[in-house]
Structure formats: C-alpha cells, structure tokens
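Accompanying notes for the structure given below.
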Amino acid sequence: MVIKPKVRGFVCVTAHPAGCAAHVQEQIDYVKSKGPIKNGPKKVLVIGASTGYGLASRIGAAFGSGADTFGVFYERPSDVDRPATPGWYNSFAFTKAARAAGLYAGNINGDAFSDDIKKQTLERIKNEMGPVDLVIYSLASPRRTHPVTGVVHKSVLKPVSAPYTNKTVDTDTGVVSEVTIEPASPEEVTDTVAVMGGQDWELWMNALADAKLLASGATSVAYSYIGPEVTWPVYKNGTIGLAKNDLERAARSIDALLKVNGYGRAFVSVNKALVTQASSAIPIVPLYIGVLFKIMKAKGTHEGCIEQVQRLFATQMYNGSALNFDEAGRVRVDDWEMRPEIQAEVKRLWPQVTTATLDSLTDMAGYRSDFLKLFGFGIPGIDYDADIEPHFEFKY
Ligand code: NAI
C-alpha cells in the first residue's frame with residue numbers, strides 16, 4: 001500500500017515503515033559517529049523503549065556501548081492492510097539492526113503497568129539476558145490501570161488551583177490564539193500522579209530486586225521536564241509537575257534500594273523540551289518549542305532526543321565522568337535550553353508571536369517536520385509514492 005500522513009489534531013494515525021526505519025538508522029549513525037562510550041552499560045532494560053527518549057536511550061546503550069537491551073512498549077502491531085504505530089516499526093527496525101550487530105535485543109509489547117507484563121519481562125530477562133546494570137524508565141501514557149485496585153487512572157495536563165490563560169498554536173493551521181485551561185479537580189491531580197508519578201517505577205525496581213535481576217552497582221534513571229516560567233502553570237506547577245515531583249520521591253527511594261543492593265544509584269534526569277508524541281499533546285508547549293528551536297538552532301545548541309541521551313551518557317553517567325546534581329539532586333541535560341541568554345530571548349519573543357509573525361519568529365516549520373518524522377514521514381531518500389508492505393513478522 002501507499003502510506004501517506006493522516007494528521008488528526010496532535011496525532012498522525014498512519015506511520016511509514018521505511019521512514020521509521022530510516023529515522024532509527026539516523027539515530028544509530030549519530031551514536032556511532034560519537035565513538036564508543038567507555039565503561040558504558042552492558043545489560044539494559046528500557047521501559048517505554050519504542051519512541052522519544054526511551055528509544056534514543058536504547059539506541060545510545062546498544063550502539064554507543066555494545067549493550068544487550070530489553071525493551072518494553074505498548075504499540076499497535078502491523079496488520080495485512082494496516083500500518084502499525086511508529087513505535088512498533090521503530091522497535092522492529094532497532095531489533096533488526098541490533099541483532100545484525102550481534103547484540104541481544106528482546107521485546108515485550110504490552111501494558112508495562114500490569115503485573116503480568118512485569119512478570120513476563122523478568123522471566124525473559126532471567127532466561128535470555130541476565131541481570132541488568134541500567135534501567136531506563138521512560139513511559140509517557142494517558143492512563144494506567146492500577147495493578148492492585150484495577151482502577152483506571154487518567155492523566156490530565158492542567159493547572160492546579162486556578163485557570164491559566166496563555167497563547168497556544170494550532171500546529172496544523174498555524175493559528176495562534178489564547179487558550180484558557182481550567183484547573184484540575186483534586187481527583188484529576190491524584191489520577192495524574194498515579195499515571196505519571198513514580199509508583200510504577202518503584203514496582204518495577206522492587207520486582208527486579210526481588211528476582212535478583214539487578215547487577216551490583218546498577219543504575220536507574222527516569223526522565224523529567226521543568227522548562228521556562230511561561231509553561232510552569234501547565235507543566236512544572238500543573239498536574240504533570242506534581243507527578244514529576246512524585247517521580248523524584250521515587251528516585252530517592254529507589255536510590256536507597258539500589259545502595260542496599262550493591263552501591264547502585266537512581267536519579268531523575270531533566271531533559272530538554274522536544275517534539276515527541278507525548279509533548280505534542282500539552283497545550284502551550286508546542287508554541288514554546290517553536291520559539292525555543294528557532295533560538296537554539298541560531299546559536300548552534302539545538303539537540304534532539306538522541307543528542308540529549310548521548311550527552312547524558314557520555315558526559316554524566318559513563319566515560320569516567322561523574323553525575324552533576326542540581327540543588328534538588330537531579331541531573332540536568334536541559335542546561336543548554338535553560339541558559340539565561342536563551343530564556344531571555346524566549347521571554348523577549350513570546351509577546352510578539354502572533355499568527356502573522358509565527359513563521360518569522362518561531363521554527364514552526366522545524367516543529368512540523370520533527371512531528372512528521374516521528375511517524376516516518378518527510379525523510380530524505382524515502383519514496384512516499386511507492387507501494388510498501390505495511391506488515392512484518394516481528395520476533396519479539
Ligand atoms: P513518547 O510518547 O515518545 O514515549 C512513550 C513511551 O512509553 C513509548 O515507548 C510507549 O510505547 C510507552 N508506553 C506508553 N504507555 C505504555 C504502557 N502502558 N505500557 C508500556 N509502554 C507504554 O514520550 P517521551 O516524550 O519520550 O517521554 C518519555 C519521558 O520523557 C516522559 O517521562 C516525559 O515526561 C519525559 N520528558 C519528555 C520531554 C519532551 O519534551 N518530550 C522532555 C523531558 C522529559
């Protein structure tokens with residue numbers, strides 16, 4: 001079939017297998033171009049491994065450090081006449097490339113929040129890979145079925161206490177308008193913390209420790225975001241920010257668990273705002289990303305997920321380097337985004353952005369091309385008019 005992008009709001013309902021494979025290969029090539037990471041991870045579990053930061057982490061570990069990897073993700077597989085979700089194609093392409101390079105790559109496609117998927121993952125790690133020295137927790141999900149209560153918690157992206165009004169952009173039409181987001185109810189706050197907070201990360205780490213599948217000195221990292229004041233009401237001080245505070249609480253408790261179990265460490269890494277399926281769903285954030293990209297590209301400091309993860313591994317976690325914690329015990333690879341001169345420029349441009357000035361003041365074109373790329377579209381060298389088989393047999 002011929003596969004074209006079909007964008008519906010902040011998702012694209014189609015994905016191109018060859019484009020996704022090329023996007024994965026681009027990231028592999030980047031990591032290889034940076035040379036090997038010394039003393040890097042060797043056996044890695046990535047929870048949320050198929051897109052965005054999790055996929056980049058898996059690629060960084062495998063191709064930067066020769067690591068065996070196990071990936072957990074939740075993606076719709078391909079069918080005879082229906083394309084898969086991009087994360088499924090990405091994982092297929094990654095697995096093929098890793099195995100061709102002689103590395104172990106195992107996968108489970110299912111709900112990481114469930115006891116059953118945890119059990120299956122531990123079983124396969126035990127039988128096929130052995131204890132892990134790095135666990136990356138990179139889930140971004142709109143809901144979680146609680147494994148004990150069976151309650152379905154839904155996360156929301158809302159301010160807390162008061163409504164918040166600011167500018168947002170319709171990324172399809174380029175229309176900039178004001179949006180008012182009503183505050184979350186107390187239940188919505190609790191639900192968002194249940195989905196995007198740290199409880200599930202702790203459950204994973206406890207299960208791995210109980211099964212003796214954590215190597216001595218194992219590290220675990222989960223990702224967070226802080227960002228500029230303009231997004232604080234809907235991010236840092238909003239429902240998602242409260243969930244991220246809970247992730248930091250979990251990091252401290254997992255850190256203690258890993259120390260008891262053999263001098264390991266757990267921490268939260270605060271990463272840069274990037275175009276991923278998760279971030280495109282947050283109001284106001286895409287417009288901020290458009291302004292930010294324009295400024296960072298002009299300064300030559302722009303990075304994508306793979307550059308962020310490569311820098312985290314090479315300059316903080318491995319290569320003989322030491323973790324550089326901020327005052328709250330977090331690692332910061334959002335440091336270039338948060339540089340005062342970058343943020344001063346964001347502050348200066350923000351009031352001037354309108355529908356009329358969008359193209360000149362922001363990199364909305366870059367935003368759109370990154371967005372389409374998430375689904376395997378707009379990649380040079382791919383013939384998007386060609387007939388392509390959407391269905392593959394994936395030996396997980
Ligand atoms: P993403 O949407 O690209 O990836 C989410 C991953 O979670 C995918 O692999 C998906 O399959 C998996 N997943 C979702 N629900 C699942 C479930 N029930 N079971 C198993 N797997 C499931 O998201 P992104 O942006 O890479 O986010 C990952 C983390 O990085 C999040 O914690 C996010 O807050 C954080 N982060 C994101 C930033 C951004 O700008 N995108 C910036 C800084 C941090």
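Every number for a ligand or one of its atoms is a count from 1 in the order of the listing. These numbers come from the heavy atoms of this one structure, side chains and all, not from hydrogens, waters or symmetry mates.
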Review point. Considering only heavy atoms of S50, which atoms of ligand 1 have at least one such atom less than 4.0 Å away?
Key: 8 (C), 9 (O), 10 (C), 11 (O)

Review point. Does an N or O anywhere in N271 fall below 3.5 Å from an N or O of ligand 1?
Key: no

**Study point:** ligand 1 N/O within reach of F73 N/O, cut-off under 3.5 Å
**Key:** no

Exercise for review: Return yes or no for this condition: an N or O of E75 is under 3.5 Å from an N or O of ligand 1.
Suggested key: yes

Point to revise | Modelled atom types, side-chain donor and acceptor of E202 and N206, under 3.5 Å | key: no

Practice item. Check whether the side chains of Y235 and N237 place a donor and an acceptor atom closer than 3.5 Å, and report yes or no. Key: no

Check your understanding: Heavy-atom distance under 4.5 Å between the side chains of H16 and Y89, does that happen here?
Key -> no

Review point. Which atoms from ligand 1 have a heavy atom of S138 less than 4.0 Å away?
Key: 5 (C), 6 (C), 7 (O), 28 (C), 29 (C)

Check your understanding: Could K297 and D363 be called an ion pair, given the rule that one side-chain N must be under 4.0 Å from one carboxylate O?
Key -> yes

Review point. Would you say T51 and ligand 1 have an N/O pair spaced under 3.5 Å apart?
Key: yes

Review point. With a 4.0 Å cut-off on heavy atoms, is G87 touching ligand 1?
Key: no

Check your understanding: ligand 1 versus S224, non-hydrogen atoms closer than 4.0 Å: side chain, backbone, both, neither?
Key -> backbone

Point to revise | is_close_aromatic(F394, F392), centroid dist under 6.0 Å | key: no

Check your understanding: For ligand 1, which atoms, with element, lie under 4.0 Å from some heavy atom of A49?
Key -> 9 (O)

Point to revise | ligand 1-proximal atoms of L139, by part, heavy-atom distance under 4.0 Å | key: both

Practice item. Would you confirm whether D334, through its side chain, and K272, through its main-chain N or O, come within 3.5 Å as a donor-acceptor pair? Key: no

Exercise for review: Run the salt-bridge test on R368 and D172 with the 4.0 Å N-O cut-off and return the result as yes or no.
Suggested key: no

Practice item. Return yes when R143 approaches ligand 1 closer than 4.0 angstrom through a heavy atom, no otherwise. Key: no

Practice item. Could you see which bit of K244 sits under 4.0 Å from ligand 1, with heavy atoms only: side chain, backbone, both or neither? Key: side chain

Check your understanding: Which atoms of ligand 1 sit under 4.0 Å from any heavy atom of A273?
Key -> 40 (O)

Point to revise | Any side-chain donor near an acceptor of the partner, S50 and E75, under 3.5 Å | key: yes

**Study point:** ligand 1 atoms in contact with A278 (distance to a heavy atom under 4.0 Å)
**Key:** 2 (O), 23 (O), 25 (O)

Practice item. Starting from atom 24 (P) of ligand 1, find the nearest protein heavy-atom neighbour and note its residue, name and distance. Key: T276 OG1, 3.8 Å

Practice item. Heavy-atom distances under 4.0 Å are what count here, so tell me which part of A222 touches ligand 1: side chain, backbone, both or neither. Key: neither

Review point. If we ignore angles and hydrogens, is there a donor and acceptor under 3.5 Å between the side chains of T357 and S360?
Key: no

Study note, to complete from the structure: If you scan protein heavy atoms around atom 26 (O) of ligand 1, the nearest is Y53 N, 2.8 Å

Practice item. Verify the distance criterion only: is there a donor paired with an acceptor across the side chains of N107 and T95 at less than 3.5 Å? Key: yes

Exercise for review: Would you confirm whether D326, through its side chain, and A328, through its main-chain N or O, come within 3.5 Å as a donor-acceptor pair?
Suggested key: yes

Check your understanding: Can you tell me the protein heavy atom closest to atom 40 (O) of ligand 1 and the distance?
Key -> L274 N, 2.8 Å

